Each structure stands twice: as structure tokens, then as C-alpha cells.
Amino acid sequence: MVEFPSSSDSSSSHDEGHEQLEFLHPTTAAVANLSLSSEAFLGAAIALKEQVVEATWTDGCAGGGDIVDPTVYTGLLGTAFTCLRLYEAIGSHQELQLCADIVHTCAAAIANTSTRYMTFLCGRGGIYALGAVVANLCGDHHRRNFYLGEFLELAQERALPVGPEEGGFGMSYDLLHGRAGFLWAALFINKHMGQETVPSDLLNPIVEAVIAGGRAGASDHAMCPLMYRWHGTRYWGAAHGLAGILHVLLHFPLSEEDTEDVKRTLRYMMSKRFPHTGNYPSREGNPRDSLVQWSHGAGGMAITLCKASEVFPNDREFRDAAIEAGKVVWKSGLVEKVGLADGASGNAYAFLALYRLTGDSIYKERAKAFGGFLYHNIKKLTSITNSHGRYSLFQGLAGTACLWCDVARSEKSRFPGFEI
């Protein structure tokens, strides 16, 4: 097991359970100097992945132990995704086979559960999508066809394309648990296995239902054409709200009217930034400017705005807003957690997205600075991470391993489970 450098003592401020580091501010030269070489980041990613595998797989599940959580977000499937990311970086077929073995075990486990979720991050969609892609890479056509068949069967679920006029509020729309999360799983399959592997005639009605649901949810809102509720709250962030849903919609061909509603929704969000910081509210009408991370705030919005700028290159406002969101993350985005959802690893991906969008090396260096900070402070940060998710992809160290891997190959970086 690799020993990472210990960190210095720190004090921290607390807000809604999400802490911003005070002991080392990201704009100081000290943080910038924590950057490592690409080779060092990749070596650290491999070492940390080994720790994740040992904790989540080798010491229990590989020997027939029970799988408590077989999903990508906080469970064992996140370990499989991390192995796939390492395979993509270094071409090791050992990583690919390990990924396949973990997915197979997760698939067997979820067959005995009653989870209703169909998404990539928190449901069956992730197991079948990742399983199909990995089996295809392994040349295992039998398992590829099995997983793809299971996914296509999910796509036949009647609730997915049901719009609000048919009572279609029973299934949520968000990335973690709803229709956007299922659509992302389909995009993942089609990226790796070819367009129309999951046919557009199955996906387009779901896209239309998501648009229709957003319009119905915004029917009492004069300024924003699309709005969604998760457990009754109009969230804005990537996990449960607008940033995540819009990001997925931006990957599909939309009608002129639908495109305009997506643009107007983004513009509405941009108009409601906090004036003193430029950060985004976590939910509609929330006056507290406290969260800068992927799940809530500028961290996730920066990535969504990068995608909007890519899709709408003639609308300079989206590019400018993405850059502004990146500035917010640089000023306030070192949070006292390591994971992708609410931690510094997730925030670093905002810089990687901006680097790919602009080609400006400053964003690569900022991503390296955040990655270097995590490397040098990993012991302290891990000690304050909830033990339940300590090695998981979105709450813990697996996400950091993916970040280090992606910092080492910035041009090919993608936020796990969010960017295609």
C-alpha cells in the first residue's frame, strides 16, 4: 500500500455540512507549486486504485462476501469504473478483466435487489451499460449481448417516455435517479459501441418527456421555461437539478423550440448568480451562497456551460459564463472532501472541461494544482471522509484516482458519469 505525504494541521468553517478549506487557499503560490508531473499523477492514480480495489473488492466481495451497494455512485461498481478509466489510460488488460469481473458480480447482486432506479449512477442502467461496454472491449460477445439486451429491456419501461399530460410525474428527471440518468447511460453505450446501439427511436420519446416535464414544472414561472423538482425542491445542481438535466439534453438533437428553451433556462440561471461571488444557488430561491461543488454550485455549472458553449459556439455568453464559473471554483473550490460529488476532485474537473474548451494551459495547471493539493493532503482529507463512502467513486478515493488519471491526460479527461 502506497503511503502518501501527511498534511499539516488545519481549521475549517462549516456550512450545511460542506466545508471550505481555510488552511491553504487555492490562489496562493503554495497550491500552484503542489502540482506534479503527468507521470507522477498517473503513478499515484494506479497506487490509489489498488487501495480502492483492496478495500472494496479483494478483502470481501471477491471471496463471496455480500455486496451492500452495487451501484456506480457510492458502491462497488464505482471501483469497476475506476479500473476502466485506468485501462483507458495505460492499456492494461489486467485492469479491463478486473473491471469485467467486478461488473459481473454486481450484476448478480442487483438481480436479487428491488431497486427501482434505472440510471447510470444509482441503478441497473449503470450495471448493464458498463457491462455491455466492458464485455465488448473484452471480446466477450455472449456477455455483451446479455447486458445490452437487459439495457434495451429497461428502455422499454413505459414510464420513461410518459409526459406530464399523461401523468408522467411519477418518475423523476434528475441525473442520479431519474430519466436524465437513464439517457446518460444510453449515451455511454452509444459512445463506446456505436451510434444507434441504443436506437434513437427509443431515446427521442424520453428526451421529449424530459422537455415536457420541465415545461410543466415551470408553468408557474414567468422567466424560466424549464424547471424540475426532486422531492418537491427545485434544485439547480448537477446531481438532482437543472445543471445535470440540461447537460444531458445538450447531447441530443433538439427542435428549434426545445433548443430555445434550453438556452433560455441557462440564461435565467446565469442571471441569478450571486452578485458578489458569481456562484450559483443550490436551489430556486435559495439566498445562501455557501456551496461550490459539482452537486451544487459553480463546479457543476461550469461543466454544463462548457458543453453549452460547445453546442452553441456562436453564443459567446455561454463560454464567458463557463469561464466565470471556473473563476469561482478557483477562488473557493478547495472543499474539505475528496470525492467527485462534493469534493475537490469533482471541482478540479471544471478546469479540465475549460481546458478542453479553450485550449488555455492555465486551466490544465489549475487542475494539476487541485490534484497536487489532494496528493499532498490525502491522509488528512481521507480521515474526515465518511467511512461508508471512503473508497467510493463519488464520495471518496475512487473519484480522486480517476481525477489523477485524467489530469495526466487532460485532453481525454471526462468527469465520470457526467461527461461523455
Side-chain angles (χ1 to χ4, degrees), residues 61 67 69-73 75-88 91 93 95-162 171 175-210 248-249 251-253 393 414 416-420:
C61 301
I67 298 176
D69 182 353
T71 69
V72 172
Y73 193 77
L76 181 59
L77 202 64
T79 300
F81 189 98
T82 306
C83 293
L84 177 63
R85 187 55 55 95
L86 263 294
Y87 164 74
E88 292 171 336
H93 285 273
E95 299 290 352
L96 185 63
Q97 187 58 55
L98 177 57
C99 177
D101 291 344
I102 296 173
V103 172
H104 182 62
T105 301
C106 288
I110 207 165
N112 299 317
T113 68
S114 59
T115 180
R116 67 185 186 277
Y117 299 130
M118 304 165 63
T119 63
F120 186 85
L121 292 178
C122 294
R124 296 173 181 270
I127 291 175
Y128 301 144
L130 190 58
V133 167
V134 172
N136 190 56
L137 289 169
C138 290
D140 187 338
H141 302 305
H142 175 73
R143 282 191 178 173
R144 178 200 64 191
N145 294 339
F146 167 77
Y147 288 126
L148 186 57
E150 292 293 306
F151 187 87
L152 292 174
E153 187 173 324
L154 281 187
Q156 304 291 337
E157 174 68 34
R158 180 72 186 99
L160 281 167
V162 172
M171 182 180 289
L175 185 71
L176 259 62
H177 299 127
R179 300 179 216 208
F182 175 81
L183 289 171
W184 196 94
L187 289 168
F188 180 79
I189 290 174
N190 284 348
K191 174 191 176 180
H192 290 280
M193 298 179 64
Q195 295 301 317
E196 294 297 309
T197 302
V198 183
S200 56
D201 61 357
L202 283 178
L203 300 179
N204 289 339
I206 305 171
V207 173
E208 292 168 6
V210 173
V248 171
L249 290 176
H251 290 79
F252 290 91
L393 184 62
R414 293 294 186 275
F418 190 50
E419 292 182 284
I420 290 293

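Because the structure is a prediction, the values reported are computed rather than measured. Numbering of residues begins at 1 and proceeds along the displayed sequence.
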Which donor-acceptor pairs under 3.5 Å do side chains of residues 129-143 form with protein atoms, sequence neighbours excluded?
from, atom 1, to, atom 2, distance (Å)
N136, OD1, R144, NH1, 3.4
D140, OD1, H142, N, 3.4
D140, OD1, R143, N, 3.1
H141, ND1, R144, NH1, 3.1
R143, NH2, H104, ND1, 3.4
R143, NH2, H104, NE2, 3.3

>> Test of understanding: with side-chain contact (heavy atoms from CB on, under 4.5 Å), list the residues that count as partners of E153, not counting sequence neighbours.
In response: E150

> What residues, two or more places apart in sequence or in another chain, satisfy side chain to side chain donor-acceptor pair (under 3.5 Å) together with N204?
Replying inline: none

> Hey, what do you get for CG (L98) to OG1 (T79), rounding to the nearest 0.5 Å?
Replying inline: 8.5 Å

>> Please find the pair of heavy atoms, one from G125 and one from L154, that lie closest to each other, and give the distance.
In response: N-CD1, 3.8 Å

> Got a second to check how far F418's CZ is from L175's CG, nearest 0.5 Å?
Replying inline: 6.5 Å

>> Suppose we screen for side-chain contact (heavy atoms from CB on, under 4.5 Å). Which residues come up paired with T197, at least two apart in sequence or across chains?
In response: L148, I189, N190, M193

> To the nearest 0.5 Å, what is the distance between CG (L249) and CG (L183)?
Replying inline: 7.5 Å

> How far apart are the closest heavy atoms of W184 and E419, and which atoms are they?
Replying inline: CZ2-O, 3.5 Å

>> Could you check whether any side-chain heavy atom of T71 comes within less than 4.5 Å of a side-chain heavy atom of L77, counting everything from C-beta outward?
In response: no

> Do L176 and T119 have side-chain heavy atoms sitting under 4.5 Å apart?
Replying inline: no

> Looking only at heavy atoms, which two atoms of L121 and G417 are closest? And how far apart?
Replying inline: CD2-CA, 3.9 Å

>> Among residues at least two apart in sequence or on other chains, which ones pass side-chain contact (heavy atoms from CB on, under 4.5 Å) with A107?
In response: I127, Y147

>> Rounded at 0.5 Å granularity, tell me how far CD1 in I420 sits from NZ in K191.
In response: 6.5 Å

> Taking only residues two or more places apart in sequence or in another chain, which ones pass side-chain contact (heavy atoms from CB on, under 4.5 Å) with E88?
Replying inline: L84, R85, H192, R409

>> Tell me if the aromatic rings of F120 and Y73 count as close, with their centers under 6.0 Å from one another.
In response: no

> Would you say the side chain of L202 lies within less than 4.5 Å of the side chain of Q156, judging by non-hydrogen atoms?
Replying inline: yes

> If you round to the nearest 0.5 Å, how far is CD1 of I206 from CZ of F182?
Replying inline: 5.0 Å

>> Distance check, rounded to the nearest 0.5 Å: E95 atom CD versus L86 atom CG?
In response: 5.0 Å

> Which heavy atom in A209 sits nearest to a heavy atom in L160, and how many Å separate them?
Replying inline: CB-O, 3.8 Å

> Under 3.5 Å, is there a donor-acceptor pair between the side chain of S200 and the main chain of E196?
Replying inline: no

> Taking the side chain as C-beta and beyond, is there a heavy-atom pair between P199 and L152 under 4.5 Å?
Replying inline: yes

